[in-house]
Enquirer: 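Sharing a structure below in structure tokens format, with a few things to ask.
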Amino acid sequence: MRIKVSHQTEYTYAEPVSGALQQVRLWPVDSPMQRVTDWAVTVDGGRVEAGYSDHHGNQVRLVCADEGVQALTISVEGEVETADTSGILGPVYGRAPLWYFQQPTALTTAGDGVTALADSVRNVTGDLDRYHALSGAILDKVAYVLNQTDMATTAEGAVSQGSGVCQDHANIFVAAARHLGAPARYVSGYLFMDDRIEQDASHAWAEVHLDGLGWVGFDVSNQISPDERYVRLAIGRDAKDAAPISGLRMGQGDENLVVSLQVQQ
Amino acid sequence: MLGKTAGGLYWMFRGLERAENTARLIEAGFRIALTRSSDPTSDWQSVIVTSAQQGAYLAQYDTYTSQNVCDFLLREPSNPSSVLSVVKAARDNARLVRTALTTEVWCAVNETWMVLTELLKKPIAEEDVPQTLEAIRQQSALVRGALHGTMLRNDIYNFCRLGTFIERADSTARIIDVKYHALLPSPSFVGSRLDNVQWEMVLRSVSGHRSFRHAVEGEYNAANIVQFLMLDARFPRSLAFCAAAIVENLDLLAQDYGGESRSLAAAQAMLGRCAGRDVSSIFEEGLHEYTTQILRDLTMLGAMIEQQYRFIQ
Amino acid sequence: MDKPKTFFNEMIGNGTPRAPYAKYGSWFSAQNGDRLAQKSQEAEGFFRRAGITFNVYGQADAEERLIPFDLVPRILSNSEWTKLAKGVEQRVRAINAFLHDIYNRQEILRAGVVPTRLIAQNDAFLPQMMDFVPPGGVYTHIVGTDIVRTGADEFFVLEDNARTPSGVSYMLENRETMLQMFPELFSQIKVQRVSDYPKNLRASLEASAPPNCEGRPFVVVLTPGIHNSAYYEHSFLADQMGVELVEGHDLRIVDGKIAVRTTRGYRTVDVIYRRVDDDFLDPLTFNPTSMLGVPGIMDVYRAGNITIANAPGTGVADDKAIYSYMPQIVEFYTGEKAILKNVETHRCSEPEALKYVLDNLADLVVKEVHGSGGYGMLVGPAASRQEIEDFRAKLKARPANYIAQPTLSLSTVPIFTDAGLAPRHVDLRPFALMSPGSVDIAPGGLTRVALTEGSLVVNSSQGGGTKDTWVLED
């Protein structure tokens, strides 16, 4: 499937900024699931100061807002050719070893809630079935509800409040999968939706490493494994690692964020 | 040189100058209260007023006594302008800019801090005040000597000098402003004995009472004193002298760095207001208005230097 | 009753000075004690005036303290030193290779030589350093290796300091002080110079500059500020190297590089010798509340446009659990047996070792795996029964947090006291500089001395002092 993405993130500042930095991970990479045919990221109101591949293999750019601006816009226009691999990325490895994806992070430390979810599927036989069951158990426990959680919400926190969005679902999945002993990671990306073009936010799901199969994706929010409608953008151990944009701002004044996203064929 | 270093040097020397000025002010008060006064309370009050810290003082004390005033101005840690506080701050600044100082200057500042911290540990008994003030003056002289004797005459030196002269000009202008009532030529005070005390306080607090006699032919009167304190370019604490020194150092920096210098232009304008003027034109303008303007100019000039040479981000 | 222990006295053997101390011994015996006492006082006055102090955390009233200086030098013969230096170099190279491996292919974990758990659960392991090689391949530009001696030929490494080892300013100041106090000694006895250290440090840092650096690399020292315990050393080293001493807020990103705010505008920086801990280095990547670092510096680093010395994440090589594997690490990367011995180390994470340690607490030194500065440790033979029991509880609660070692019979060197010479225990921290392709070790290093009779704790934060350390020319 040929997926076209148009994604604009605009920060506006109540006061002229004296220093705002954004780490941007908005570059998809080629894989068995996708081929990037056309991709451009432009920055308005700031400059790209550094570019590199991070420890998860993501392409990262450091964007600095220009002195005194009151708006910073990061725009993506691109096309990706995707394939349906039944959610299987396969034995594709970067430098980060598998044991690394077994370690908890601050956002994905398993507490009682996550542990209970993991234990509830521990005895399901068959790796794939077990993680599909995990995915189901998570959605049962944590309903998809907008605006109840934020970037700082931990996996355990989302479980105990019983609601969250795709980001929370993915955090919970990786936390529970690690508790079950499997390497697991968070994926940020785009999802083509059959019924609409305009979307509110980018998407997120999880990948778990299974013997014999390699990395396999699970989208808890949609209860499927990623197919040709998914574009992988960045990976990491949790939502923070794989955030498409994460930043830091010096100085006072409110910051406002407006996202406009179109994903179409 | 780092912008922060330039700022550290500037503030370090402002601090050291302030410590010296405070010591001088107390000395003036002390002398007058001991030898001349029938009303020591008002003399000590006048010292606090001159130091421009009446508000903070009254928040802590009800009465003006030599003990309270000396404590407050010399060793009160919560008073950021006490000698103890400014010497500590100057020494912190010296540590900050350690790599820009010669060993001699650094050791002199460090020793000053050690000596004065020890000396000001406990309240100063009245009979020990003169010795304490003497130590403060001596330590200042030690630092100044090390500066003159060992530092390269480059931008580092210029920033040190700017701190010294801006603080000194500020202090002299403030002293004149606080006493401007006494210095106004009014019919009632001509020849009055009482006001001699006020003048003497002013002159002593800038160590100018001897110089005045040497430099000025005329009598103790308002016009002569104002002329001396503001316009006499021979007297190293006069506004004219300080302004000229500020211009000189900014000029050297401008030559070194090249390009336009906003702060040099501002300093030259200020020099124009305190050099080559006739004292009567100042009285015409209004002494209070004049000193207020000078104080405002100094604050603005300081901010301008800070920005032009990137003391802070 | 404890059996009386005998300690190796480095100065006196069989009642006469050992060979390296022969000339010094005869000089000393010709000295007048009062004169030496006076010199000793002068030295203290000099240190105080010069502000050679360190700050002690948690002690408001004694914010700045002197590290006591003892005027009797610690003397090593050239041949003793040559062997030590070789051992240190070997170890430093192995540590650097280990770091390169751990942050890239992790062959040593795949080979099962070091357990993966020790890296996976190590807070000092920085994932952000994975799949990246610092400029010139150098991780540990400066290493301080703590060495103790128990006999004429018995040297042990006690600890590797691969993060931001401190103390080198005392090595330099102590020599300077000795030269001023006793110039005649140095004309009679040929001692290898240490005064080249700042020049060598600068050269070494410059040699590690990013490859795209143009012209002479611009080096700065990054300090947390004047309230840091080692601020004196930071300013001293910047001064001696002739480079700027900066704080985080003096730096920012300009045109993709790190730049420093000068009175003439921003200037590109190529190498940062940082004395700020990893966690505080970059609020964008690490601790977001840090005011001490430079936002975005890790991004610039990974883009290859700045050298950070030491590299972030070097702490993974110097904790005490990794230490216990150091002989294997040295062999794995150099193919040689370790020249310097390790102290026998019991890893309390291992059940058998834990049992042994719990059974023998009174004879052992127990240390926190990630601790430093002599804090949080138990010195069994010197501890009270209660202290041992308290520690036993801590140890049982978190065994993996501790290692234990036998108490070593540390060598002694005399110090000068009112009653004459008196033996005190010492250690030695040589400083190694690493640049692409070479390792340079200042002859000697910092000798720390436990000033209390019988004490084995030499840390300055625990009342230790220092001595000038001599390596003889011949």
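Convention: sequence-line order gives letters A, B, ...; per-chain numbering from 1.
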Enquirer: How long is the gap from CG on C:Leu284 to CZ on A:Arg249, to the nearest 0.5 Å?
Expert: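 Rounded to the nearest 0.5 Å, the CG-CZ separation comes out at 14.0 Å.
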Enquirer: Between A:Arg237 and chain C, which part of the residue has a heavy atom less than 4.5 Å away: side chain, backbone, both or neither?
Expert: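 Answer is side chain: those atoms of A:Arg237 sit under 4.5 Å from chain C.
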Enquirer: Assess whether atom CZ of C:Arg398 is packed by more than 12 heavy atoms of other residues, nucleotides or ligands within 6.0 Å.
Expert: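 Counting neighbours around CZ of C:Arg398, 12 or fewer heavy atoms of other residues, nucleotides or ligands fall under 6.0 Å, so no.
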Enquirer: Look at atom NZ of A:Lys240 and say whether more than 12 heavy atoms of other residues, nucleotides or ligands are closer to it than 6.0 Å.
Expert: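 Counting neighbours around NZ of A:Lys240, 12 or fewer heavy atoms of other residues, nucleotides or ligands fall under 6.0 Å, so no.
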Enquirer: Looking only at the side chains, is there a donor atom on one of C:Gln128 and A:Asp54 sitting less than 3.5 Å from an acceptor on the other?
Expert: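 No donor-acceptor contact under 3.5 Å links the two side chains.
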Enquirer: Give a yes or no on whether C:Arg264 atom CZ has more than 12 heavy-atom contacts from other residues, nucleotides or ligands under 6.0 Å away.
Expert: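 Enclosed: over 12 neighbouring heavy atoms sit under 6.0 Å from CZ of C:Arg264.
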Enquirer: Among C:Met298, C:Arg117, C:Arg105, which has the most heavy-atom pairs under 4.5 Å with chain A?
Expert: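 Top count of heavy-atom pairs under 4.5 Å with chain A: C:Arg105.
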Enquirer: Can you tell me how the ring of C:Phe125 sits relative to the ring of A:Tyr100, calling it parallel under 30°, perpendicular over 60° and tilted otherwise?
Expert: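 The rings of C:Phe125 and A:Tyr100 stand perpendicular, inter-plane angle above 60°.
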Enquirer: Would you say that more than 12 heavy atoms from the other residues, nucleotides or ligands in this model lie under 6.0 Å from the CG of A:Asp112, or not?
Expert: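 No - once you tally the heavy atoms of other residues, nucleotides and ligands closer than 6.0 Å, there are 12 at most.
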Enquirer: Can you tell me how far the OH atom of C:Tyr103 sits from the CZ atom of A:Arg95, to the nearest 0.5 Å?
Expert: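 Nearest 0.5 Å value for the OH-CZ distance: 14.5 Å.
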Enquirer: Under 4.5 Å between any side-chain heavy atoms of A:Glu49 and C:Asp299, yes or no?
Expert: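 SC-SC contact between A:Glu49 and C:Asp299 ruled out.
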Enquirer: First locate atom CG of C:Leu126, then atom NE2 of A:His55, and finally report the distance between them rounded to the nearest 0.5 Å.
Expert: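 One gets 9.5 Å once the value is rounded to the nearest 0.5 Å.
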Enquirer: Any sub-3.5 Å donor-acceptor pair from C:Arg302's side-chain atoms to A:Ser53's backbone N or O?
Expert: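 Pair found, side chain donor or acceptor close to backbone of A:Ser53.
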Enquirer: Mind checking what makes side chain to side chain donor-acceptor pair (under 3.5 Å) contact with A:His179, not counting sequence neighbours?
Expert: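 Residues passing side chain to side chain donor-acceptor pair (under 3.5 Å) with A:His179: none at all.
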Enquirer: Check residues 14-22 of chain A and write down every donor-acceptor pair under 3.5 Å in which the side-chain atom is one partner and the other belongs to a residue at least two apart or another chain.
Expert:
from    : atom 1 : to       : atom 2 : distance (Å)
A:Gln22 : OE1    : A:Gly247 : N      : 3.4

Enquirer: Heavy atoms only, distances under 4.5 angstrom: which of C:Pro127, C:Pro288, C:Gly296 has the most pairs with chain A? Name it, please.
Expert: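 Most heavy-atom pairs within the cutoff with chain A belong to C:Pro127.
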Enquirer: Measure the OG1-CG distance between C:Thr285 and A:Leu248 for me, rounded to the nearest 0.5 Å.
Expert: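 Reported value, rounded in 0.5 Å steps: 9.5 Å.
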Enquirer: Within the 4.5 Å heavy-atom criterion, are C:Gln106 and A:Trp99 side-chain neighbours or not?
Expert: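 The answer is yes, as the side chains (C-beta and beyond) meet within the 4.5 Å cut-off.
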Enquirer: Evaluate whether atom CG of A:Asp150 has more than 12 neighbouring non-hydrogen atoms of other residues, nucleotides or ligands under 6.0 angstrom away.
Expert: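 Yes - once you tally the heavy atoms of other residues, nucleotides and ligands closer than 6.0 Å, there are more than 12.
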Enquirer: For A:Gly51 versus C:Ala303, what's the shortest heavy-atom pair and its separation?
Expert: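 Smallest interatomic distance, heavy atoms only, reads O-CB, 3.6 Å.
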Enquirer: Report the distance from atom OH of C:Tyr301 to atom OH of A:Tyr52, rounding to the nearest 0.5 Å.
Expert: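 Nearest 0.5 Å value for the OH-OH distance: 13.0 Å.
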Enquirer: Is A:Glu67 salt-bridged to C:Arg252, going by a charged N under 4.0 Å from an acidic O?
Expert: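 Counted as a salt bridge, because a side-chain N and a carboxylate O are separated by less than 4.0 Å.
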Enquirer: Please round to the nearest 0.5 Å and tell me the distance separating atom CG of C:Asp131 and atom NE2 of A:His56.
Expert: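 Going from the CG atom of C:Asp131 to the NE2 atom of A:His56 covers 10.5 Å.
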